[in-house]
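First the structure, in the form of structure tokens, and then the observations on it.
Just so you know, these numbers use all the heavy atoms, side chains as well, and skip hydrogens, waters and symmetry mates. Please read these numbers as outputs of a predicted model, since none were measured by experiment.
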Amino acid sequence: MSVNYNVLGLVFASMHDAYVSELTKQRTMGSIPFGGRYRLIDFPLSNFVHSGVSEVGVITKSNYGSLLDHLGSGRDWDLARKKGGLHLLPPYSQTGGIYKGRLDALNNIWGFVEHSNAKYVIMSNCDVVTTINFNPVLKQHMENEADITLVYKRDVIPAKLHDPAVLSFDSKGKVIDVLIDSNVTGSCSFYMNMMFIKRELLIELVDKCISKNTLNFKRDIIQGEYKNLNVYGYEFKGFSPIITSMSNYFNANMSLMDEEVRKDLFNSSRPIYTKVRDDMPTKYGLGSSVKNSLIANGCTIEGEVENCILFKGVHIGKGTKVSNCVIMQDTKIGADSSLSYVIVDKDVVIKNERTLMGFLSYPVYISKGSVV
């Protein structure tokens with residue numbers, strides 16, 4: 001794996017926490033569990049590492065205790081390095097208090113950005129679940145002599161996506177129009193909150209916006225400057241759900257039941273790294289039944305499981321039927337219960353003979369540490 005010291009990666013771990021406020025009450029967006037063994041921040045970090053980016057800053061905001069525990073020194077992502085490596089950046093604004101948005105956050109970490117020797121910066125959120133190789137993006141960026149390259153997706157804009165930026169291009173892929181929070185319906189080219197930009201230009205643009213007290217990144221930099229700069233788009237066509245609601249989170253997990261989706265997201269040549277927790281193999285009791293499910297190590301299953309994602313240490317009691325559920329780490333479900341379309345957070349205890357039922361469009365959520 002070659003290392004590209006010309007690129008600095010920035011991950012916004014807490015951007016858009018309000019999308020799934022139930023899940024982010026005690027954690028950041030980046031530390032939300034996903035897919036049976038991962039956290040959402042694992043995806044941008046792994047994408048950076050596989051693209052040769054060895055210096056990464058993680059911009060935190062609030063409730064970041066579990067994020068710090070998960071990331072540690074960065075060793076699991078090969079980011080425990082003497083040169084570059086993983087840097088956890090504080091949430092406090094230079095004007096006092098917690099930063100108010102992306103521009104304020106960038107202004108807050110200027111010391112880190114200015115001391116980097118990288119020529120380019122790539123920024124990403126944690127609310128997009130995808131496997132992307134950034135090297136073709138950088139190659140196109142350099143070939144176009146672009147100032148900014150925006151990674152976009154051509155699809156219907158996800159419901160509740162905050163200030164979606166709809167892009168229009170000329171025949172060479174240069175951005176010729178930007179609409180923010182428009183009433184566009186149907187398929188369109190919308191910005192995925194992934195950007196390549198020259199480091200010196202980013203410093204200049206942020207300083208300009210801060211001095212004018214204009215703090216909306218999309219409106220004041222992307223929409224406000226595209227006519228003055230060479231701004232290009234890069235279309236990404238792979239699997240890339242954006243977590244904008246509990247329903248989106250549930251559907252993104254459930255989509256992993258599709259083998260083609262798993263092949264796309266968990267590419268064997270570009271694996272998603274995560275913090276490793278060693279555990280014993282899952283134990284299946286006599287008379288248990290498991291169909292079309294993803295089961296992590298350390299579980300004990302005595303009942304029936306169908307179309308579910310079970311994280312490590314989950315216990316399913318005898319006579320219990322669980323279908324279309326996401327059940328997080330170390331949850332215990334008693335005997336003779338029934339769960340359908342339920343998201344169960346970590347360390348939950350569901351006692352015997354309980355029935356919980358949601359719907360595909362509105363899954364029931366049980367908060368962390370609850371007793372039902």
Side-chain angles (χ1 to χ4, degrees), residues 1-4 7 9-13 29-56 58 70-71 74-81 84 86 120 122-141 149-155 158 191-196 233-243 248-277 292-297 307-312 326:
M1 188 187 302
S2 61
V3 175
N4 189 342
V7 181
L10 292 178
V11 181
F12 292 85
M29 176 70 79
S31 56
I32 291 175
F34 183 85
R37 62 171 299 191
Y38 304 98
R39 304 290 183 113
L40 290 182
I41 198 169
D42 295 336
F43 294 91
L45 287 183
S46 299
N47 292 334
F48 283 157
V49 169
H50 289 306
S51 302
V53 179
S54 62
E55 184 176 21
V56 178
V58 177
H70 180 69
L71 295 177
R75 179 174 58 87
D76 292 297
W77 297 267
D78 193 27
L79 288 172
R81 297 166 177 259
L86 183 69
Y120 303 101
I122 183 166
M123 294 184 286
S124 178
N125 289 352
C126 288
D127 50 12
V128 181
V129 182
T130 192
T131 297
I132 178 172
N133 184 355
F134 288 118
N135 288 321
V137 189
L138 177 59
K139 181 181 178 183
Q140 177 187 297
H141 183 85
T149 295
L150 306 174
V151 179
Y152 70 93
K153 180 177 182 178
R154 184 150 189 85
D155 203 347
Y191 172 52
M192 294 174 64
N193 291 312
M194 297 181 190
M195 169 192 283
F196 254 102
Y234 178 91
E235 183 179 5
F236 180 69
K237 299 179 180 180
F239 176 76
S240 52
I242 301 176
I243 309 300
N248 276 6
Y249 170 77
F250 180 79
N251 290 334
N253 275 279
M254 289 295 107
S255 65
L256 299 181
M257 303 302 173
D258 186 329
E259 184 178 358
E260 293 304 313
V261 168
R262 293 199 301 273
K263 286 181 180 178
D264 188 311
L265 187 61
F266 303 114
N267 190 316
S268 58
S269 63
R270 304 172 62 82
I272 303 300
Y273 300 127
T274 189
K275 178 182 177 180
V276 177
R277 169 182 146 175
N292 194 40
S293 297
L294 298 179
I295 312 294
N297 289 340
N307 297 326
C308 290
I309 292 178
L310 270 56
F311 287 72
K312 292 185 175 182
V326 177

Indicate yes or no: at least one non-hydrogen side-chain atom of [X] is less than 4.5 angstrom from one of [Y].
{"X": "V137", "Y": "F236", "answer": "no"}
{"X": "I32", "Y": "R39", "answer": "no"}
{"X": "P158", "Y": "N248", "answer": "yes"}
{"X": "M123", "Y": "P44", "answer": "no"}
{"X": "M194", "Y": "I122", "answer": "no"}
{"X": "V56", "Y": "L45", "answer": "yes"}
{"X": "N125", "Y": "M192", "answer": "no"}
{"X": "V7", "Y": "L138", "answer": "yes"}

Apply the side-chain contact (heavy atoms from CB on, under 4.5 Å) test between F34 and each candidate in I41, D42, V129, I309; give the one that qualifies.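 Per the side-chain contact (heavy atoms from CB on, under 4.5 Å) rule, the option paired with F34 is V129, out of I41, D42, V129, I309.
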
List the atom of [X], the atom of [Y], and the distance in Å for their closest heavy-atom pair.
{"X": "V58", "Y": "A13", "value": "CG1-CB, 3.8 Å"}
{"X": "G36", "Y": "A296", "value": "O-CB, 3.6 Å"}
{"X": "P136", "Y": "Y234", "value": "CB-OH, 3.5 Å"}
{"X": "L79", "Y": "S54", "value": "CD2-O, 3.7 Å"}
{"X": "Y191", "Y": "V151", "value": "CD1-O, 3.6 Å"}
{"X": "D264", "Y": "G238", "value": "OD2-CA, 3.9 Å"}

Give a yes or no answer on whether the side chain of S293 reaches the backbone of N307 with a donor-acceptor pair at less than 3.5 Å.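 Yes; judged by distance alone, with no hydrogens or angles, the pair exists.
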
For G35, is there any backbone N or O sitting under 3.5 Å from a side-chain donor or acceptor partner on N253?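 The answer is yes, because a donor-acceptor pair under 3.5 Å joins these two groups.
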
Begin with the C-alpha distance, continue with both residues' side-chain angles, and end with the deciding distance and a verdict on side-chain contact (heavy atoms from CB on, under 4.5 Å) for H50 and N133. CA-CA 7 Å; H50 289 306; N133 184 355; over 6 Å; no

In this structure, are over 12 heavy atoms from other groups packed under 6.0 Å from R270 atom CZ?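 Yes, enclosed.
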
Just verifying a value: how many Å separate [X] [atom1] and [Y] [atom2], rounded to the nearest 0.5 Å?
{"X": "L310", "Y": "R37", "atom1": "CG", "atom2": "CZ", "result": "15.0 Å"}
{"X": "L71", "Y": "S31", "atom1": "CG", "atom2": "OG", "result": "8.5 Å"}
{"X": "I295", "Y": "C308", "atom1": "CD1", "atom2": "SG", "result": "7.0 Å"}
{"X": "K139", "Y": "H141", "atom1": "NZ", "atom2": "NE2", "result": "15.0 Å"}
{"X": "Y152", "Y": "K237", "atom1": "OH", "atom2": "NZ", "result": "8.0 Å"}
{"X": "I132", "Y": "S240", "atom1": "CD1", "atom2": "OG", "result": "8.5 Å"}

Any chance you could lay out the ring-ring contact (aromatic ring centres under 6.0 Å, His included) test for F48 and F134, step after step, and finish with the verdict? CA-CA 7 Å; F48 283 157; F134 288 118; 5.6 Å; yes

Should the pair F43 and F266 be assigned to parallel (<30°), tilted (30 to 60°) or perpendicular (>60°) ring geometry?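 Tilted, since the angle between the ring planes falls between 30° and 60°.
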
On the 0 to 90° scale, with breaks at 30° and 60°, tag the F196-Y120 ring pair as parallel, tilted or perpendicular.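 Ring orientation, 0 to 90° scale: perpendicular.
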
No-hydrogen, no-angle side-chain donor-acceptor test under 3.5 Å, T131 and N267: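 No, N267 and T131 have no side-chain donor paired with an acceptor closer than 3.5 Å.
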
For D76 and H70, test the side chains for any donor-to-acceptor distance below 3.5 angstrom and give the result as yes or no.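 No, no side-chain donor-acceptor pair sits under 3.5 Å.
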
M29 and L40: side-chain contact (heavy atoms from CB on, under 4.5 Å), yes or no, with the steps? CA-CA 7 Å; M29 176 70 79; L40 290 182; 3.8 Å; yes

Could you check whether Y38 and Y273 have their ring centres less than 6.0 Å apart?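 They do not qualify: ring centres at least 6.0 Å apart.
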
Given E55 and L86, is the side-chain contact (heavy atoms from CB on, under 4.5 Å) satisfied, shown in steps? CA-CA 6 Å; E55 184 176 21; L86 183 69; over 6 Å; no

Verdict with reasoning, N47 to T130, per side-chain contact (heavy atoms from CB on, under 4.5 Å): CA-CA 8 Å; N47 292 334; T130 192; 4.2 Å; yes

